[in-house]
Amino acid sequence: MNDLTPTPGGGCRSAPVLKQRGQREVFCGLTGIIWLHRKMQDAFFLVVGSRTCAHLLQSAAGVMIFAEPRFGTAILEEQDLAGMKDAHTELDREVARLLDRRPDIRQLFLVGSCPSEVIKIDLARAAERLTQVHAPHVRVLNYSGSGIETTFTEGEDACLASMVPVLKDTPARELLLVGALPDVVEDQMLSLLGQMGIDNIRLLPARRIDETTAVGANTVFALTQPFLGETHAALMRRGARHIPAPMPFGEEGTTAWLRAVAAEFGVDDATFDAVTAAPRARARKAIAQAAEHLNGKSIFFFPDSQLEIPLARFLTRECGMTAVEVGSPYIHDAIHGPDLDLLPAGPQISEGQDVDLQLDRVRAARPDLTVCGLGLANPLEAEGLTTKWAIELVFTPVHFYEQAGDLAGLFSRPIRRKSVLRVEAAE
Ligand code: SF4
């Protein structure tokens with residue numbers, strides 16, 4: 001069924017994984033709010049945390065904070081921490097005030113943080129109580145985005161997983177597509193599947209609460225993001241079945257992902273080829289242009305978003321790069337396995353982080369491109385390494401055929417810029 005060429009050396013699925021625990025340089029899960037609040041247009045994210053959490057959101061959201069965003073922080077004051085005030089009464093009052101001011105809010109997420117976890121505010125109970133108070137207009141849920149428990153994109157995973165138990169039950173055979181994508185990318189995905197005759201589709205997260213997402217024993221689901229381990233488990237608990245597939249990055253990944261879904265729904269090869277031929281050709285052409293500067297270059301991934309494995313697969317197979325190390329905060333076999341199968345053998349696969357040891361490895365390897373967080377990028381640039389900020393890969397539309405050229409472009413830009421600056425310096 002699949003026309004992907006065999007992986008040289010047999011892939012990386014059974015390669016030894018370097019597991020390290022130590023100092024980490026990653027975002028906490030609160031950052032997921034930045035893109036989730038744009039996707040879910042009737043949701044509000046109320047972080048119960050400290051000023052540190054509020055500052056993190058402000059700096060990560062950048063200019064978005066001026067656009068009356070649908071997120072905020074209920075800041076824990078000293079009196080709350082000392083137990084002198086009843087945190088639950090305070091929270092109820094804040095929530096009532098918020099919902100009064102913003103009647104457009106239909107879903108409220110109470111998002112746990114390090115401080116709220118450490119002092120053990122029971123936000124799950126608060127969510128239940130507040131749901132009763134504000135039903136049926138508003139549904140209140142809870143998840144944790146704390147840095148103790150979650151890394152960066154895991155915040156989205158925790159949020160989606162919190163929604164799964166309250167989804168309506170359905171006996172229908174439906175396709176559930178899981179992962180928050182920019183609207184334009186989501187529309188492209190639905191159009192491709194629709195042209196193949198697959199239109200019994202639900203989305204998690206949906207844009208609005210009224211577009212009810214349901215789940216049941218006949219639901220099959222495909223993930224569009226590789227960091228959804230908890231959501232995967234929660235859906236399996238509801239009886240849904242996962243369609244394993246490589247992530248839809250690049251021409252090859254998108255084709256393999258679509259093929260896995262098409263096979264599940266009995267789409268014949270002729271239909272599949274008719275629908276995908278033109279966008280595949282466009283994607284190949286766009287990648288070839290952007291990959292000119294990537295061909296033959298080496299790349300090193302610090303762990304950040306769990307996108308590292310599928311991106312390494314795309315860059316090595318479709319852009320001619322060589323991966324030195326592919327670090328991921330977590331590796332989940334059912335989710336990352338299909339991409340690991342296709343990733344050519346050779347790179348060190350690493351899970352977790354001890355940042356100093358990893359910095360020693362990147363300095364020794366001196367790769368042509370290092371993918372890392374904002375805290376490491378400038379210091380590494382100062383040491384002469386070329387870097388790509390990983391966060392951009394989460395905010396930019398990069399999935400499916402039409403974005404494949406842009407995705408390659410995100411990696412070729414820093415290399416091109418470096419060579420331009422070198423030429424200018426020599427003049
Ligand atoms: S949740 Fe924890 S790691 Fe995240 S900003 Fe708040 S205190 Fe910092």
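Because only heavy atoms are used, hydrogens play no part in the values below, and waters and symmetry mates are left out as well, while side chains stay in. Only a predicted model underlies this, so the values are computations on that prediction, with no experimental measurement involved. In listed order, ligands and their atoms are each counted from 1.
F249 and H399 have tilted rings, their planes meeting at an angle from 30° to 60° on a 0 to 90° scale. Ring-plane geometry between H242 and F221 is classed as parallel, the angle between the planes falling under 30 degrees on a 0 to 90 degree scale with a further cut at 60.
Salt bridge annotation for R93-E90: present, with a cationic side-chain nitrogen under 4.0 angstrom from a carboxylate oxygen.
With ligand atoms numbered from 1 in the order given, ligand 1 contributes 1 (S) to contacts under 4.0 Å with heavy atoms of S113. Within the listing of ligand 1, atoms 1 (S), 2 (Fe), 3 (S) sit less than 4.0 angstrom from a heavy atom of G147. Listed by number with element, the atoms of ligand 1 under 4.0 Å from a non-hydrogen atom of S146 are 1 (S).
By the 4.0 Å heavy-atom criterion, G49 is excluded from the residues contacting ligand 1.
The distance from atom 2 (Fe) of ligand 1 to the nearest N/O/S atom of C114 is under 2.8 Å. For residue C28, no N/O/S atom approaches atom 6 (Fe) of ligand 1 to within less than 2.8 Å.
A donor-acceptor pair shorter than 3.5 Å cannot be found between the side chains of E174 and N218. Side-chain atoms of E292 and S412 include no donor-acceptor pair closer than 3.5 Å.
In terms of protein heavy-atom proximity, atom 5 (S) of ligand 1 is nearest to C53 CA, 3.6 Å. The protein heavy-atom contact nearest to atom 8 (Fe) of ligand 1 is T52 CG2, 4.0 Å.
For D354, the side-chain contact (heavy atoms from CB on, under 4.5 Å) partners two or more places apart in sequence, or in a different chain, are Q20, D356, L357.
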